[in-house]
Amino acid sequence: MAEIVFLADGIAGLVRDGDTVALEGFTHLIPVAAGHEIIRQRRTDLTLVRMTPDIVYDQLIGAGCARKLIFSWGGNPGVGSLHRFRDAVQHGWPVPLEIEEHSHAGMANRYVAGASGLPFAVLRGYTGTDLPRQTATIKPITCPFTGEQLTAVPALNPDVTIVHAQRADRAGNVQLWGITGVQKEAVLAAKRSLVTVEEIVDELEPRPGATVLPAWAVTAVAEVPFGAKPSYAAGYYDRDNAAYQAWDAISRDREKFARWVEESVRVPA
Amino acid sequence: MAEIVFLADGIAGLVRDGDTVALEGFTHLIPVAAGHEIIRQRRTDLTLVRMTPDIVYDQLIGAGCARKLIFSWGGNPGVGSLHRFRDAVQHGWPVPLEIEEHSHAGMANRYVAGASGLPFAVLRGYTGTDLPRQTATIKPITCPFTGEQLTAVPALNPDVTIVHAQRADRAGNVQLWGITGVQKEAVLAAKRSLVTVEEIVDELEPRPGATVLPAWAVTAVAEVPFGAKPSYAAGYYDRDNAAYQAWDAISRDREKFARWVEESVRVPA
Amino acid sequence: MNDYTADEMMSVAAARALRDGSSCFVGIGLPSTAANLARRTHAPNLTLVYESGCLGAKPSRLPLSIGDGELADTADAVVSVPEVFNYWLQPGRIDVGFLGAAQLDRFGNINTTVIGTNYADPKVRLPGAGGAPEIAASCGEVFIVLRQSPRAFVERVDFITSFGHGSGRGDRERLGLPGAGPTLVVTDLGLLRPDPETSELTLTELHPGVELDQVRAATGWKLKVSESLATTPAPTEDELRILRELKKASEP
Amino acid sequence: MNDYTADEMMSVAAARALRDGSSCFVGIGLPSTAANLARRTHAPNLTLVYESGCLGAKPSRLPLSIGDGELADTADAVVSVPEVFNYWLQPGRIDVGFLGAAQLDRFGNINTTVIGTNYADPKVRLPGAGGAPEIAASCGEVFIVLRQSPRAFVERVDFITSFGHGSGRGDRERLGLPGAGPTLVVTDLGLLRPDPETSELTLTELHPGVELDQVRAATGWKLKVSESLATTPAPTEDELRILRELKKASEP
């Protein structure tokens, strides 16, 4: 059964320096509060994993928490580039950032393989592109029945996956709905998992389209209202598009960014 | 968009002699009425596919519609054996039945590969068993990253898949809920598909746990109330367990079975 | 003293083997009866997983099939059949796989495919594998429940549908099978467990009132008997009452 | 005559290319604007598929991201991200893939990864591939929409993120790519289509008021021009009104 914890204790207990950590979320339900707690606790040498690293990954990278990023699309959706990510890749600031780059289809299948206890997944992917030349984790594989050549990618099995969801019950059964992205796979692929939720309730009522992660598939659950802000939680609050716009100016400048971290993240919670 | 048809026209138009046909359903929502229509239309030489062939497959086999069965568990759930299936395998009556035998995990993954446009799927399966010796569609495959040996099975891509669901709207969008089994994969893996439904409604209201097959992924939809009887349709009617029990006696005897087909199936609908 | 049948003793003994707080992949029939009895007695927090995709089902009556509506209605989550095998069974998330068998051999290998050694022309065609091969491979351990008879308990199964311990200790490791394989066989006569040295099934418990010779006569190989052969405690009144209520509630 | 911007002309021209009753895999930004405009004008039965898992989304305003709540709320079905790629995109169920690009070359190959030829030490690090490589491979055909400039329209892309026609006709077949690849490029200046013989992008339409020399100057290679160069019809009043309403409704 999942343990109900405070966010700070959950991060302290589950995320260690040097870990491979996935904070997943596909525009919706991004575990931003958990990312900030990682910055507050000054974790380093993390290998960060995410299909769509957005501004909370820009923040983690800018704060020096990461040594490597495994991803398929890194941007500020609807706004533009991630300047801290760029600065790390192009100038090694504040620390050099190694990258391992895939497509969405490849990343999604890597999580699926991880969740399925398989060492790899097969897809029709990357054909004709320059990605296999740069990414060692893309290899050809031959169908044993037809002889056709396809692409293999290795399983992703993060040390810890962190996701945000709408609700959990007191046993730690988690319910998420709306766009559920790749969160189930990311949690099931991980050795340990932390789910932050908008609220912990006595009983989960069935919801159309809801995904349920049973308590026995989750390590820990923390109640963190507004834990996805400035992204959104369907049924709770909308996306704060202005915050995404505002990030562009903050993140373009190292000093502005550093000040932002001190003033907005490293304040006591 | 899916075409709305009468059952007889749907079967006449979509199921041809010699086709590979999957009528899927996992205890729940078995497309029995569609199976009986295939018997009425005297299709022959079919390759029948299903994870759990039960009494409607026993009937199709006994009626001489099938030359081959691809399956993983053939029985009368909670009752015992399928006597028409046994008679066909053991004595070639009424026609010899070739079999291609898998495990549930293998069959499920064959449909997944079929639905995904891949020629094969990879699983941890069959290890140490005698199945690979008898079934040519089970082969070893090596992980290109770890060198580990796993098992490959080829995609299943039926000529036609038939499933039963609770509801469709007039455009042919299909909604099914409760135990949804492998029906989505079986439909998406097929070249053509027919969905029989309890009712066609003006608008599909969202349902917890419902699966929706968009109209553009379905070839035809037929309204067939009680189309899953004696299996059940959650929200409409319960399983007729007595009918499953009664099947045992009918199916043990060739003449009794033949009489049953004439009296219960080959009557005008 | 309670009056009970050998089948009731078997169900109770099987139920007792399931630890509270663990998860169990349940086949229909005897395994389902035992698992549901366990949930109502000593193991209220036993998680039942059915191959129809029902995770954490809490049926109020015994399901007649693995796809009963009751299972979906009471489950924590209902997932697709591919998902239950790929995301839940295959990675080894389930502690115990609970299987029946038509034939079982002395190394716990299971046959549910054909009787007779010619697969193409079998004496009896059985239902086949279902989920069992991968349940036997991937669960933390496997419990097997079946009635003991020389026809069922054979020296060597005609067909290995689900791999137990192969030809003895070390075979599972050699094949890379993750789970521990069969650790317990519950019958209407007693309990058998694999010998720690050889993995050969060995009688470790007799049910009350059963004679050792009876078990030997019901076994198609020269049965090994534990030096510390014990007697299963008889079903308690509570166990019997709850089992009978369960069975009664499930009648059509 | 209507007054409109070059960007509006581009959106309208892109929208017109989408046939009613077809399905379209939509990236965010210009493609999403065009697809939503099409749904409100000539193609009410256009099925929009977003990589966040929203099948058949019917947003009332332009989504700001591929994961907008509005998309999920109005979709026929919301599926997981692995499912949208594996069950819906990969088997070729989607007719049109609608992509943007940072760089595009004369054979329709797309770069959204790095500017500069040294991947490890790029001049500019771009967002990366996202869903584009498999959209470009698997959709029936691909439409590309981007503003025309010598920086964007290059002789050879620095990095092939998404494969177009490679080095010319026949390359897709040789690689076994199922879809037809880029069949149309819509810019703020005109339309380009691959030459049927060589697959080289060729200017086939000029937007009203645009000079051929302007397009040549905005293209980083020696631009081929169709012998039957046509002029795009100007946006109609209806098209402009609906486009502006859409954009307005999407402002924060």
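Labels below follow one simple rule: chain letters A, B, ... track the order of the sequence lines, proteins then strands, and each chain is numbered from 1.
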Taking [options] one by one, which has the highest count of heavy-atom pairs under 4.5 Å against chain C?
options                       : value
B/N76, B/T52, B/I99           : B/I99
B/Q90, B/R124, B/K184         : B/Q90
B/P77, B/A108, B/S231, B/A105 : B/A105
B/G78, B/G80, B/S103          : B/S103
B/G181, B/G75, B/S81          : B/G181

(message) Need one label for C/L175: side chain, backbone, both or neither, based on atoms under 4.5 Å from any heavy atom in chain B.
(response)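 It is both, since atoms from each part get that close.
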
(request) Pick one of side chain, backbone, both or neither for C/V124, based on which atoms fall under 4.5 Å of a heavy atom in chain B. (result)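 Both parts, heavy atoms under 4.5 Å.
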
How long is the span from the [atom1] atom in [X] to the [atom2] atom in [Y], to the nearest 0.5 Å?
X      : Y      : atom1 : atom2 : value
B/Y232 : C/D68  : OH    : CG    : 6.0 Å
C/T161 : B/W73  : OG1   : CH2   : 13.0 Å
B/D130 : C/D158 : CG    : CG    : 10.0 Å
B/M51  : C/E51  : CE    : CD    : 7.0 Å

Flag side-chain contact, heavy atom, 4.5 Å: [X] against [Y]:
X     : Y      : answer
C/P82 : B/E185 : yes
C/S52 : B/T27  : no
C/F85 : B/L123 : no

Within a radius of less than 6.0 Å around [atom1] of [X], do more than 12 heavy atoms belonging to other residues, nucleotides or ligands occur?
X      : atom1 : answer
C/R40  : CZ    : yes
C/R151 : CZ    : no
C/E197 : CD    : no

(request) Begin with the C-alpha distance, continue with both residues' side-chain angles, and end with the deciding distance and a verdict on side-chain contact (heavy atoms from CB on, under 4.5 Å) for C/Y119 and B/E101. (result) CA-CA 11 Å; C/Y119 174 83; B/E101 190 165 3; 2.5 Å; yes

(request) Find the one option among C/K123, C/Q90, C/R125 whose heavy-atom pairs under 4.5 Å with chain B are most numerous. (result)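 Max contact count across the listed options: C/R125.
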
(message) Set out, in order, the CA-CA distance, both residues' side-chain angles and the distance that settles side-chain contact (heavy atoms from CB on, under 4.5 Å) for C/C54 and B/I179, then state yes or no.
(response) CA-CA 8 Å; C/C54 301; B/I179 289 171; 3.8 Å; yes

(request) With a 4.5 angstrom heavy-atom cut-off, could you sort out which part of B/V182 is near chain C: side chain, backbone, both or neither? (result)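 Both backbone and side chain.
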
(message) Working note: B/N109 + C/N86, criterion side-chain contact (heavy atoms from CB on, under 4.5 Å); need CA distance, chi angles, decisive distance, verdict.
(response) CA-CA 8 Å; B/N109 278 292; C/N86 289 346; 2.8 Å; yes

(message) Whether B/R239 and C/E70 form a salt bridge (side-chain N of Lys/Arg under 4.0 Å from carboxylate O of Asp/Glu) is what I want to check.
(response)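 Not counted as a salt bridge, because no side-chain N and carboxylate O are separated by less than 4.0 Å.
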
(message) Test side-chain contact (heavy atoms from CB on, under 4.5 Å) on B/Y111 and C/V81; report intermediate values, then the result.
(response) CA-CA 11 Å; B/Y111 279 125; C/V81 165; over 6 Å; no

(request) Work out which heavy atom in B/G128 is nearest to a heavy atom in C/I160; give both atom names and the distance. (result)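 Taking every non-hydrogen atom into account, O-CG2, 3.7 Å.
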
(message) How close do B/G178 and C/V78 get, counting heavy atoms only, and between which atoms?
(response)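 Smallest heavy-atom distance, with atoms named: O-CG1, 3.7 Å.
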
(request) Return yes if a side-chain donor-acceptor contact under 3.5 Å exists between B/Y126 and C/E134, otherwise no. (result)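 Side chains of B/Y126 and C/E134: no pair found under 3.5 Å.
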
